[in-house]
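So the structure is just underneath, and the comments pick up after that.
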Number of protein chains: 2
Amino acid sequence: MAQPLYLQIADDLEEQIRSGDLSPGSQLPTEDDLRDKYRASRNTVRDAIKRLVGQGLVETRPGQGTFVTTKVDPFVTVLTGKPAIAGGEGPFYLSEVNAEHRKPFRTTPRVEVQTAPGMITRRLRVPSGTHLVSRHEQRYIDDLPWSLQTSFYPMEFIARGATRLLIAEDITQGAVDYLAEAIGLEQIGYRDWITARRPDSNEQRFFRISHDSTVFEIFRTGFDQHRKPMRVTVTVFPADRNQFIVNTGDDLPDPRYDDLPDA
Amino acid sequence: MAQPLYLQIADDLEEQIRSGDLSPGSQLPTEDDLRDKYRASRNTVRDAIKRLVGQGLVETRPGQGTFVTTKVDPFVTVLTGKPAIAGGEGPFYLSEVNAEHRKPFRTTPRVEVQTAPGMITRRLRVPSGTHLVSRHEQRYIDDLPWSLQTSFYPMEFIARGATRLLIAEDITQGAVDYLAEAIGLEQIGYRDWITARRPDSNEQRFFRISHDSTVFEIFRTGFDQHRKPMRVTVTVFPADRNQFIVNTGDDLPDPRYDDLPDA
DNA sequence: GCAAATTTGTTCGTATGTATT
DNA sequence: CAATACATACGAACAAATTTG
């Protein structure tokens with residue numbers, strides 16, 4: 001056995017998909033058809049398909065069939081930028097490359113007061129177990145689920161007068177601008193910490209992705225004029241439709257007109 | 001059937017792993033033992049284990065058994081930094097956070113002249129099919145495979161006098177400094193384009209990761225004083241042991257003393 | 001060095017459950 | 001309700017990798 005049969009079948013199907021012989025959105029032959037075609041058992045065919053599902057090349061729908069996944073035009077987020085511009089864009093400075101026609105939408109925040117996980121308190125440099133204000137929202141682009149975002153602020157900000165943080169309303173002017181105006185906290189910069197991991201069950205449901213796909217998780221820590229962390233924002237993006245740009249150095253050419261990802 | 005049996009088994013094992021009942025590196029009961037314990041067939045037990053493998057919680061070794069994966073202390077790369085400091089560090093400004101004791105090592109480059117893929121020529125803004133110099137190297141940290149890096153330069157640079165680009169030797173002073181000195185090209189900045197994807201078979205072999213794991217792929221385009229792209233570097237990192245930091249704004253506190261990832 | 005024992009990997013056949021049309 | 005298609009589960013057999021005696 002040079003190669004296991006299920007791998008031969010998977011490779012053959014993968015080749016058909018990559019060559020365009022099986023176009024995105026089209027249906028694969030049913031498992032029974034593939035069983036006849038490759039003279040294998042149905043279980044072996046299913047092992048091959050499982051592999052393709054894991055690779056994100058196809059998706060199965062019970063009662064319907066197996067279909068070649070359609071690639072979405074990836075959404076590109078620029079992580080760097082002059083912090084001052086961030087106002088009105090929400091916690092993230094989202095500059096969408098190649099997205100002229102795209103319509104972002106986000107839910108009104110779900111506001112809670114909770115004891116945050118160590119991942120957050122450590123970054124905010126507060127004792128673990130401290131109560132924090134969290135503002136969670138779901139974000140869509142063109143009605144496609146795009147990211148899940150949660151921002152954490154110290155409770156202390158409320159006492160100092162930033163009461164709108166507790167209200168479940170979009171802070172349209174931008175939370176950064178609001179904090180500057182309300183309690184005189186200026187964000188002088190931020191640090192993004194980029195990781196990748198598997199989605200939890202919530203994320204699988206919201207993004208409609210499988211358990212063995214990948215999400216980016218970006219922790220953004222904002223620092224005030226005293227170089228102290230003033231807030232932490234955690235954003236989760238499905239890796240299959242998100243990419244990121246980081247610019248270092250001033251006056252770089254606009255990425256919009258080159259650097260395009262492969263079609 | 002509230003939950004499929006193989007998911008119940010997987011969840012139970014996952015719980016044992018997360019609780020520390022099964023510690024990292026330790027061996028799970030054999031498939032036959034698990035078959036008896038859960039009164040399921042061996043195939044059902046194997047389905048459960050496959051799921052855990054996909055989640056990266058365990059790894060199987062033919063002839064030996066199934067073992068709880070040991071998490072490596074992640075390696076953190078800072079993507080932003082004053083470009084001037086990059087000299088001597090190689091194409092990437094690699095500032096290792098929490099890495100005092102770690103020893104980086106890289107192979108001597110494999111140098112080729114090739115027609116690069118569209119992904120590269122598009123970023124370099126040269127016609128597709130143009131010949132480019134590529135310098136490929138494998139990079140290790142503490143003898144663990146850490147990243148695969150390939151840099152592309154226009155052939156024209158050779159004619160203009162940067163002949164050392166063609167030599168399969170480490171350019172210890174840094175390629176950026178060398179180009180400045182040899183042909184007067186200054187890198188004024190760069191752009192990183194961050195994506196995630198599945199590893200190809202080469203990468204699976206080199207990093208010793210499975211086909212359904214994830215790698216980061218970072219395209220770094222360097223720009224010269226005329227704001228034209230002067231080189232493109234592609235680096236691939238396995239996602240299970242790599243994280244990235246992006247700083248926006250000056251004078252942020254050192255991430256080394258906070259922001260530590262969870263143990 | 002070799003053979004046996006152990007353990008995971010592949011493949012088949014079969015039966016039944018669940019979702020969709 | 002019936003037909004179709006994928007999902008789960010069991011049992012069995014043999015192959016391949018590794019360790020042990």
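Here is how names work: the chains are called A, B, and so on, in the same order as the sequence lines, proteins then strands, and each is numbered from 1.
- As a whole-Å value, the separation of Leu5(A) CG from dC14(D) P is 18 Å.
- Partners of Thr60(B) by side chain to side chain donor-acceptor pair (under 3.5 Å), not counting sequence neighbours: none found.
- In this structure, the CG atom of Leu7(B) is 13 Å from the P atom of dA7(D), given to the nearest Å.
- The stretch residues 30-56 of chain A touches DNA chain D through Thr30(A), Glu31(A), Arg42(A), Asn43(A), Arg46(A), each having a heavy atom under 4.0 angstrom from the strand.
- The side-chain contact (heavy atoms from CB on, under 4.5 Å) search around Thr69(A) returns Glu59(A), Lys71(A), not counting sequence neighbours.
- Across the protein-nucleic acid pair, Phe67(A) atom CZ and dT20(C) atom C1' stand 11 Å apart, rounded to whole Å.
- Under the ring pair (Phe, Tyr, Trp, His ring centres under 6.0 Å) criterion, Phe206(A) pairs with Tyr140(A), not counting sequence neighbours.
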| message | Before you tell me yes or no, could you show the steps for Asp12(B) and Gln8(B) under side-chain hydrogen bond (donor to acceptor under 3.5 Å, both in side chains), namely the whole-Å CA-CA distance, both residues' side-chain angles and the distance that decides it to 0.1 Å? | response | CA-CA 6 Å; Asp12(B) 188 61; Gln8(B) 294 178 40; over 6 Å; no
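- Taking atom OH of residue Tyr6(A) and atom C1' of nucleotide dC12(C), one finds them 16 Å apart after rounding to whole Å.
- Of the residues in residues 57-66 of chain A, those placing a heavy atom less than 4.0 Å from an atom of DNA chain C are Pro62(A), Gly63(A), Gln64(A), in numerical order.
- Applying the side chain to side chain donor-acceptor pair (under 3.5 Å) definition to pairs two or more places apart or across chains, those involving residues 17-27 of chain A are Glu14(A)-Arg18(A).
- The list of salt bridge (charged side-chain N to carboxylate O under 4.0 Å, His left out) pairs with a residue in residues 41-58 of chain B, not counting sequence neighbours, reads Glu31(B)-Arg42(B), Glu31(B)-Arg46(B), Asp47(B)-Lys50(B).
- Legend: salt bridge (charged side-chain N to carboxylate O under 4.0 Å, His left out) pairs involving residues 235-244 of chain A, not counting sequence neighbours: none detected.
- Partners of Thr121(B) according to the side chain to side chain donor-acceptor pair (under 3.5 Å) rule, which considers only residues two or more places apart in sequence or in another chain, do not exist here.
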